[in-house]
Amino acid sequence: MRNPKVETVRGVNDVLTETYQIQQQIQNQLSSCFESFGYRPIDVPVIEYTELFLRKSGEELISRMYDFTYHNRRLCLRPELTASVARAYVNNGALQGEPLPVRLFYCGPAFRYEKPQRGRYRQFTQMGIEAIGAGGTMADGEIIALACQSLDRLGLQDYELVMGNIAVLNQFLAAKPLENRLRNFLLANMEKLRNDGRQDLEKGLEEIYPTFSAEESGSTARLKWLFKDLDPQEAHLTILELLESMNVNLVGMRQPEEIAHRLLAKIEREDQQSLIEDTLAFMEELAQLKGKPEEVLPAAEQLLKSYEIDSKPLEQLKEILTLLESYRLDSSKIILDLGMSRGIQYYTGTIFEIHHDTLGQERQLCGGGRYDDLVRTVGGNNDMSASGFSFGIERIRLAMESEGILPSINGDGVHALIIPVSEAEWGYSIKVAEKLRHSGWQVEMDVRGKNVTSNLKYAVKRDIPYVMVVGERERLAGTVVVKNMATREQQELSLDALSPSPQPLSQGGEGLCRRSG
RNA sequence: GCGAGCGUAGCCAAGAGGUUAAGGCAGCGGAUUGUGGUUCCGCCAUUCGCGGGUUCGAUUCCCGUCGCCCGCCCCA
């Protein structure tokens with residue numbers, strides 16, 4: 001009976017050497033980009049209290065979290081890092097004492113319980129920046145420019161920057177006394193409205209918020225008018241008084257309290273219903289505003305004017321566009337989308353995404369924006385404007401792969417293989433290996449006691465440029481036989497004559513000798 | 001959350017109800033215990049993801065299940 005294999009957990013991956021090195025290199029390049037703008041590294045825990053994300057992340061994200069109770073504590077694996085960084089800022093005096101803005105960058109795994117497929121894993125790597133205490137369009141511009149420059153630096157070309165401003169929709173909603181739950185639902189489903197149309201969305205709405213059937217509605221129009229200026233408690237009392245004064249026989253019927261309660265709820269729901277209609281109408285129009293800035297901006301101005309919404313978000317977008325020109329960002333890559341509404345709900349202003357054409361549905365490489373309330377939400381004492389973005393490292397790798405620009409990882413392999421001919425040479429071989437290693441060589445030792453032939457075959461397969469044979473002769477003479485695998489030349493060198501650092505293969509065997517003259 | 005496809009060795013695979021389950025690559029050992037990429041020889045699945053059913057007999061047919069993968073939705 002064979003042992004059954006232990007599988008990897010669904011949606012997570014072993015990252016093997018080559019992929020690991022490629023991603024490492026991507027991360028190194030991004031780090032140096034971030035650092036060139038003054039951002040400094042920070043690391044935060046993988047595990048957080050679930051509450052951190054419950055406060056402001058939005059239902060969608062929360063429903064996909066690894067969320068569990070352990071030893072009476074409700075914990076989760078972080079679904080993203082921004083909230084953690086904001087929390088870290090609030091929790092650490094050392095950070096709060098720093099002059100603003102505090103520019104930070106991070107890199108690490110995040111976890112979401114989603115159906116895995118190409119470019120989407122349950123554990124994935126996010127790398128991004130946060131600028132805390134930096135309001136205004138100059139900060140927004142820096143952050144967006146940095147995101148694009150980072151991709152440029154990696155050599156990526158087929159990407160598209162999509163910018164929006166969630167404040168437009170937020171402002172419209174703020175003027176409507178919509179229930180919180182409804183507001184969140186609408187915000188979260190902006191994309192769905194655009195793609196599937198209004199009917200689909202209304203269906204989903206009915207599930208969380210059942211509407212009244214046709215025959216019931218309309219009957220309350222007068223009552224609604226009657227109660228419209230009363231606060232809920234006054235209205236409640238009024239209904240009770242009304243019932244009492246009418247002297248209706250309530251035997252076998254609902255209690256007056258319940259009648260009053262139901263009637264008011266009904267009126268309120270009808271109010272919500274018409275609010276929802278208005279909101280959906282506005283959202284539909286907003287969703288149309290997607291395309292080249294020169295086309296979208298005039299149309300957007302008109303829409304906001306007709307709804308009497310402050311045009312400040314548009315002014316901000318215009319300013320950012322100008323700033324991006326100064327950063328010499330390729331303007332043909334820029335799309336405006338006023339209907340954009342990101343899945344995470346803490347955003348308050350400018351928001352943006354970067355898409356890559358070749359990745360199909362999993363095309364989003366980057367997402368970010370302004371979140372001026374988050375720091376306070378996670379416990380900060382002061383209002384603290386902030387914004388940032390996050391890259392998906394695996395997706396960047398896939399995008400680079402599809403553009404054929406993955407960094408090559410050749411040339412950083414092992415330099416030499418040492419072959420002790422027999423057990424008697426073990427000690428001496430180790431001495432040789434250690435000497436080379438301390439000089440910066442990467443040296444492998446044959447630890448399996450294979451013969452020279454097998455070792456040479458191994459060196460060929462492993463692409464190791466130098467092989468050093470150590471036998472009794474060499475041990476007694478204090479030398480090694482150094483063989484250049486490419487030229488097949490070999491020479492016997494004294495230990496002292498070995499080069500202090502591995503030489504490129506092109507210089508042949510001579511490179512191994514210390515220059516004597 | 002919805003829909004489709006696929007599971008035979010580390011990898012690529014052939015087999016279509018009948019008993020040593022082809023072949024190739026990789027790996028290991030040897031020809032060759034101090035000199036390599038070629039060549040030659042040997043080894044490498046008591047079993048076809050797992051469980052049940054049909055059958056004299058199942059890797060093959062049926063049911064279930066698990067896993068992988070590809071669309072859609074949503075996201076990094």
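In the text below, chain A, chain B and the rest are named by the order of the sequence lines, each starting its count at 1.
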Inset, instruction - Under 4.0 Å between any heavy atoms, over every strand shown, what does A:Glu474 touch: base, sugar-phosphate, or nothing? Just pick one. - result: base

Margin query: Between B:C66 and B:C12, how many Å separate the two C1' atoms, rounded to a whole number?
Written below: 24 Å

Scanning all shown strands, the Watson-Crick or wobble mate of B:U65 with both distances under 3.5 Å is B:G49

Scan A:Val467 against the nucleic acid and name what it touches under 4.0 Å (heavy atoms): base, sugar-phosphate only, or nothing.
nothing

Original post:
A:Phe389 and A:Phe391: ring-ring contact (aromatic ring centres under 6.0 Å, His included), yes or no, with the steps?
Top reply: CA-CA 7 Å; A:Phe389 66 74; A:Phe391 285 124; 5.0 Å; yes

Query - Euclidean distance for C1', B:U32 against B:G23 (whole angstrom) - result: 29 Å

inquiry  = Is it the case that the base of B:C66 and the side chain of A:Arg10 share a donor-acceptor contact (distance under 3.5 Å, atom types as modelled)?
reply    = no

Whole-Å distance, A:Tyr466 OH to B:G36 P, equals 20 Å

Closest of B:C75, B:G36, B:C70 to the A:Lys115 side chain is B:C70

Regarding the side chain of A:Arg473, the nearest nucleotide among B:C70, B:A76, B:G34 is B:G34

Check your understanding: B:U47 and B:A58: how far apart are their C1' atoms, nearest whole angstrom?
Key -> 12 Å

Point to revise | Distance, C1' atom - from B:C44 to B:C28, rounded to whole angstrom | key: 8 Å

When rounded to whole Å, the CD1 to C1' distance for the pair A:Ile419 and B:U33 reads 13 Å

Heavy-atom nearest nucleotide on RNA chain B taken for A:Val9 and for A:Lys450; more 5' hit belongs to A:Lys450

Contact under 4.0 Å: A:Gln117 side-chain N or O vs B:C69 OP1/OP2: no

Practice prompt. May I ask you to check if A:Lys483 and A:Tyr466 form a cation-pi contact, with NZ or CZ under 6.0 angstrom from the six-membered ring centre and within 45° of the axis?
Written response: no

Any A:Arg448 side-chain N or O less than 4.0 Å from OP1/OP2 of B:G29: yes

Tell me, with the steps shown, if A:Arg376 and A:Asp373 meet salt bridge (charged side-chain N to carboxylate O under 4.0 Å, His left out).
CA-CA 6 Å; A:Arg376 189 183 265 284; A:Asp373 298 336; over 6 Å; no

Between A:Lys461 and B:G27, is there a contact of a side-chain N or O with OP1 or OP2 at under 4.0 Å? yes

Once you apply a heavy-atom cut-off of 4.0 Å, does A:Glu114 come out as touching a base, just sugar-phosphate, or nothing? base

**Message:** Would you measure the distance from the P atom in B:A16 across to the matching atom in B:G53 and give it in whole Å?
**Reply:** 27 Å

Sorted by position of nearest nucleotide on RNA chain B, 5' first, the leading residue of A:Asn451 and A:Gly392 is A:Asn451

Pairing partner of B:G36, by Watson-Crick or G-U wobble and under 3.5 Å for both distances, is none

Remember a base hit wins even if backbone is also touched, and classify A:Gly367 as base, sugar-phosphate or nothing at under 4.0 Å, heavy atoms.
-> sugar-phosphate

>> Strictly distance-based, threshold 3.5 Å: is any side-chain N or O of A:Arg103 a donor or acceptor partner for the main-chain N or O of A:Ile132?
In response: no

Rounded to whole Å, CG of A:Asn455 lies from P of B:G29 at a distance of 10 Å

- Message: Would you measure the distance from the P atom in B:U65 across to the matching atom in B:G5 and give it in whole Å?
- Response: 16 Å

As its Watson-Crick or G-U partner within any shown strand, both distances under 3.5 Å, B:G23 has B:C12

Q) Just checking, A:Arg78 and A:Phe53: is the charged tip under 6.0 Å from the six-membered ring centre and within 45° of the axis? A) no

note: A:Leu398, atom CG; B:C70, atom P; distance rounded to Å ~ 10 Å

Output for pair (A:Ile166 CD1, A:Thr348 OG1), nearest 0.5 Å, gives 9.5 Å

Rounded to whole Å, the OH-C1' distance (A:Tyr113 to B:G1) equals 12 Å

Rounded to the nearest 0.5 Å, the OG atom of A:Ser454 sits from the CG atom of A:Asp446 at a distance of 9.0 Å

Taking the C1' atom of each, how far is B:C73 from B:G52, in whole Å? 36 Å

Could you run down the sub-3.5 Å N/O contacts of the protein with nucleotides 37-39 of chain B?
| from | atom 1 | to | atom 2 | distance (Å) |
| --- | --- | --- | --- | --- |
| B:G37 | N7 | A:Arg488 | NH2 | 2.5 |

With centres under 5.5 Å and planes under 30° as the test, does A:Phe124 stack with B:A76? yes

Of B:G34, B:A76, B:C70, the nucleotide closest to the side chain of A:Val469 is B:G34

Between CD1 of A:Ile26 and P of B:A76 the distance, given in whole Å, is 19 Å

Whole-Å distance, A:Arg118 CZ to B:G71 P, equals 8 Å

Backbone of A:Thr453 reached by a side-chain donor or acceptor of A:Asn451 within 3.5 Å:
yes

When rounded to whole Å, the CD to P distance for the pair A:Gln490 and B:G36 reads 10 Å

- Worked check of salt bridge (charged side-chain N to carboxylate O under 4.0 Å, His left out) between A:Glu394 and A:Arg397: CA-CA 5 Å; A:Glu394 291 83 359; A:Arg397 194 193 78 230; 5.9 Å; no

Between B:A9 and B:A22, how far is it from one C1' atom to the other, in whole Å?
14 Å

message = Quick check: any donor-acceptor pair below 3.5 Å linking the side-chain of A:Glu425 to the base of B:G34?
response = no

Worksheet entry | Validation row, ring centre A:Phe34 to ring centre A:Tyr39 under 6.0 Å | no

